[in-house]
Asks: 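Can you read through this structure? Questions will come right after.
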Amino acid sequence: MPKLSQYEIEREENIKRNSALLDALGIQKVHPKEVPKPKKAVPPKKRKAEVDENNDASAGSPPKIARTTSSDQPLSGARRSARNAGKKVDYKAEQIRVIPVPISTRNKAGNAGPLGSGASGRKIVKFGSIPDIEVGTWWQTREDCSNDSIHAPWVGGISGSKHKGAYSIALSGGYDDDVDLGYGFTFTGAGGRDLKGTKTKPKNLRTAPQSCDQTFENNGNAALKKSSETGKPVRVIRGFKNKSEFAPSEGYRYDGLYTVEKAWMEKGLNPGGFLVCKFAFKRIADQPPLPVRDLDAEAAVKNQAKDGGNDAQNDEESDEDEDEDEDEDDDEDEDADADGEAEAEIEGEEPEEQG
DNA sequence: GGGCCCGCAGGG
DNA sequence: CCCTGCGGGCCC
């Protein structure tokens with residue numbers, strides 16, 4: 001085994017420390033086994049229609065928000081077990097299955113106007129959930145997400161003010177020592193970067209390497225610290241740059257409401273060893289389950305594709321001895337869907353408008 | 001794939 | 001207006 005780089009050593013240390021901290025807060029990783037798996041990817045077209053319906057219906061009040069899986073659609077994929085019985089594993093299908101399913105797919109092309117905006121068309125600024133935006137809603141870009149009032153900034157990871165607290169955050173990778181357990185995670189704050197850009201175009205960067213200590217003076221960090229005191233819910237989106245099994249493979253997904261359990265500072269994972277502000281998040285109970293990816297399976301698919309895919313297909317079948325421990329697919333994971341309607345009506349207390 | 005530059009949404 | 005900021009597109 002090659003010796004670890006200094007970076008990796010520190011990374012391991014930080015992750016260990018953060019994991020222990022999450023554990024101390026009672027935040028445990030939920031094994032994928034215990035989490036309902038998305039049935040199968042649904043053609044975006046279909047989904048969009050559905051969204052529109054919901055939108056219309058919601059004029060009164062949406063009875064069932066927060067559907068995670070498409071229980072209404074009889075999918076052939078649901079009977080995978082039977083299909084697999086006599087066939088080789090179809091990794092294409094497998095990939096589709098394990099990839100986070102966009103619950104409602106909305107993007108520029110299809111948008112008939114932001115759902116998450118009031119009658120006025122203005123974006124909604126409040127704590128907690130946004131009307132008509134279900135947990136699991138997926139967007140192609142941060143801009144689209146912003147238009148639905150879930151996370152306003154196009155670039156920034158934290159939305160909120162130091163006086164009121166944080167409205168939302170984006171978990172989008174960027175800090176390799178953050179630990180994402182799905183139902184809880186650690187998050188690194190903002191600041192400590194020198195956005196100086198090039199000589200000709202000074203101060204023209206949107207992001208840059210860590211170059212000094214972060215502080216809680218930073219608006220975003222202060223907002224999150226405030227949230228840790230008030231206990232108000234924070235909307236969380238996960239982005240494709242996040243490497244965890246809970247991240248979408250592409251685009252951005254709204255994963256519901258979390259609370260900030262703790263705020264602290266520690267030496268960050270950067271060459272200078274600069275301090276960063278860190279936060280521990282915990283998912284509020286009774287929300288739709290998170291989609292979980294099977295990263296190993298995806299890697300296998302990738303490898304297969306790289307190997308040229310044709311002749312290799314035979315042994316796909318037999319490679320089942322690889323990582324069987326994780327329950328495997330061939331039996332039904334259907335049981336899971338039963339609880340689809342655990343919906344969370346958690347809201348921020350007050351609408352808290354603000355101009 | 002990496003570097004550069006850009007528009008934009010906040011908060012102060 | 002000033003500043004920031006876990007995007008994104010384009011060009012190389």
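Naming convention: chains lettered A, B, ... in sequence-line order (proteins, then strands); numbering from 1 in each chain.
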Asks: Treating Ile, Leu, Val, Met, Phe, Trp and Tyr as nodes and any side-chain heavy-atom pair under 4.5 angstrom as an edge, say whether A:Leu195 and A:Trp154 lie in one connected cluster.
Replies: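 No, no single cluster joins them.
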Asks: Please find the pair of heavy atoms, one from A:Gly160 and one from A:Ala223, that lie closest to each other, and give the distance.
Replies: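 Distance-wise, the nearest heavy atoms are C-CB, 4.1 Å.
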Asks: Supply the atom-to-atom distance A:Met265 CE to A:Lys278 NZ, rounded to the nearest 0.5 angstrom.
Replies: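 Going from CE on A:Met265 over to NZ on A:Lys278, the span is 11.5 Å.
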Asks: Set out, line by line, the N/O atom pairs under 3.5 Å between protein and nucleotides 1-3 of chain B.
Replies:
none

Asks: For the pair made of NE2 in A:His151 and P in B:dG11, what is the distance, rounded to whole Å?
Replies: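 In whole Å, B:dG11 P lies 12 Å from A:His151 NE2.
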Asks: For a quick test of reading the model: is some side-chain N or O of A:Asn219 closer than 4.0 Å to OP1 or OP2 of B:dG12?
Replies: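 So the side chain of A:Asn219 is within the cut-off, an N or O lying under 4.0 Å from OP1 or OP2 of B:dG12.
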Asks: A:Phe185 and A:Phe246: aromatic ring centres closer than 6.0 Å?
Replies: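 No - the distance between ring centres of A:Phe185 and A:Phe246 does not fall below the 6.0 Å cut-off.
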Asks: Rounding to an integer number of Å, can you tell me how far A:Lys162 NZ sits from C:dT4 P?
Replies: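 Result: 14 Å.
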Asks: So A:Phe127 and A:Tyr167, would you call those rings parallel, tilted or perpendicular, with 30° and 60° as cut-offs?
Replies: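 Rings of A:Phe127 and A:Tyr167: tilted, 30 to 60°.
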Asks: Quick test of your reading of the model: are A:Lys243 and A:Asp180 salt-bridged, counting only N-O distances below 4.0 Å?
Replies: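 Salt bridge flag = no for A:Asp180 with A:Lys243.
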Asks: Could you tell me how far apart A:Asn221 (CG) and C:dC3 (P) are, to the nearest whole angstrom?
Replies: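 Result: 20 Å.
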Asks: What are the atom names and distances for every N/O pair under 3.5 Å that joins the protein to nucleotides 5-8 of chain C?
Replies:
residue, atom, partner, partner atom, Å
C:dG5, OP1, A:Gly191, N, 3.0
C:dG5, OP1, A:Asn218, ND2, 3.0
C:dG5, O6, A:Arg206, NE, 3.0
C:dC6, OP1, A:Gly157, N, 3.0
C:dC6, N1, A:Gly173, O, 3.3
C:dC6, O2, A:Ser172, N, 2.9
C:dC6, O2, A:Ser172, O, 2.6
C:dC6, O2, A:Gly173, N, 2.9
C:dC6, O2, A:Gly173, O, 2.2
C:dC6, N3, A:Gly173, O, 2.5
C:dC6, N4, A:Asp178, OD2, 3.4
C:dG7, OP1, A:Arg142, NH1, 3.0
C:dG7, OP1, A:Ser172, OG, 2.9
C:dG7, OP2, A:Lys241, NZ, 3.0
C:dG7, O5', A:Arg142, NH1, 2.9
C:dG7, O4', A:Trp154, O, 3.2
C:dG8, OP1, A:Arg142, N, 2.8
C:dG8, OP2, A:Tyr252, OH, 2.7

Asks: Do you reckon A:Leu25 sits in the same ILVMFWY cluster as A:Ile15, going by side-chain contacts under 4.5 Å, direct or chained?
Replies: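 They do share one cluster, since a chain of ILVMFWY contacts under 4.5 Å joins A:Leu25 to A:Ile15.
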Asks: For salt bridge (Lys or Arg N to Asp or Glu O under 4.0 Å), just list the numbers for A:Lys29 and A:Glu245, CA-CA rounded to whole Å, side-chain angles, deciding distance to a tenth of an Å, and then say yes or no.
Replies: CA-CA 11 Å; A:Lys29 173 169 182 172; A:Glu245 61 192 323; 2.7 Å; yes
Asks: Both A:His163 and A:Ser146 contact DNA chain B. Which one's nearest nucleotide lies toward the 5' end?
Replies: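 Residue closer to the 5' terminus by nearest nucleotide: A:Ser146.
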Asks: Please state how far atom CG in A:Asp144 lies from atom P in C:dG9, giving the value in whole angstrom units.
Replies: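 One finds 10 Å between P of C:dG9 and CG of A:Asp144, rounded.
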Asks: In which stems does DNA chain C show up, taking only runs of three or more Watson-Crick or G-U wobble pairs whose two distances fall under 3.5 Å?
Replies: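 Output for stems: B:1-6 with C:7-12, B:8-12 with C:1-5.
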Asks: Pick the C1' atom in B:dG12 and in C:dC6, then give their distance to the nearest Å.
Replies: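 B:dG12 and C:dC6 have their C1' atoms separated by 23 Å.
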Asks: Once you apply a heavy-atom cut-off of 4.0 Å, does A:Gly220 come out as touching a base, just sugar-phosphate, or nothing?
Replies: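 The answer is nothing, as A:Gly220 stays clear of every strand by at least 4.0 Å.
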Asks: A:Ser227 versus A:Tyr258: any side-chain heavy-atom pair under 4.5 Å?
Replies: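 The answer is no, as the side chains (C-beta and beyond) never meet within the 4.5 Å cut-off.
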Asks: If you apply the rule side-chain hydrogen bond (donor to acceptor under 3.5 Å, both in side chains), what do you find for A:Arg17 with A:Asn14, and how did you get there?
Replies: CA-CA 5 Å; A:Arg17 189 169 62 239; A:Asn14 286 12; 3.1 Å; yes
Asks: Step by step, work out the side-chain hydrogen bond (donor to acceptor under 3.5 Å, both in side chains) result for A:Tyr7 and A:Asp176.
Replies: CA-CA 10 Å; A:Tyr7 179 86; A:Asp176 276 346; 2.6 Å; yes
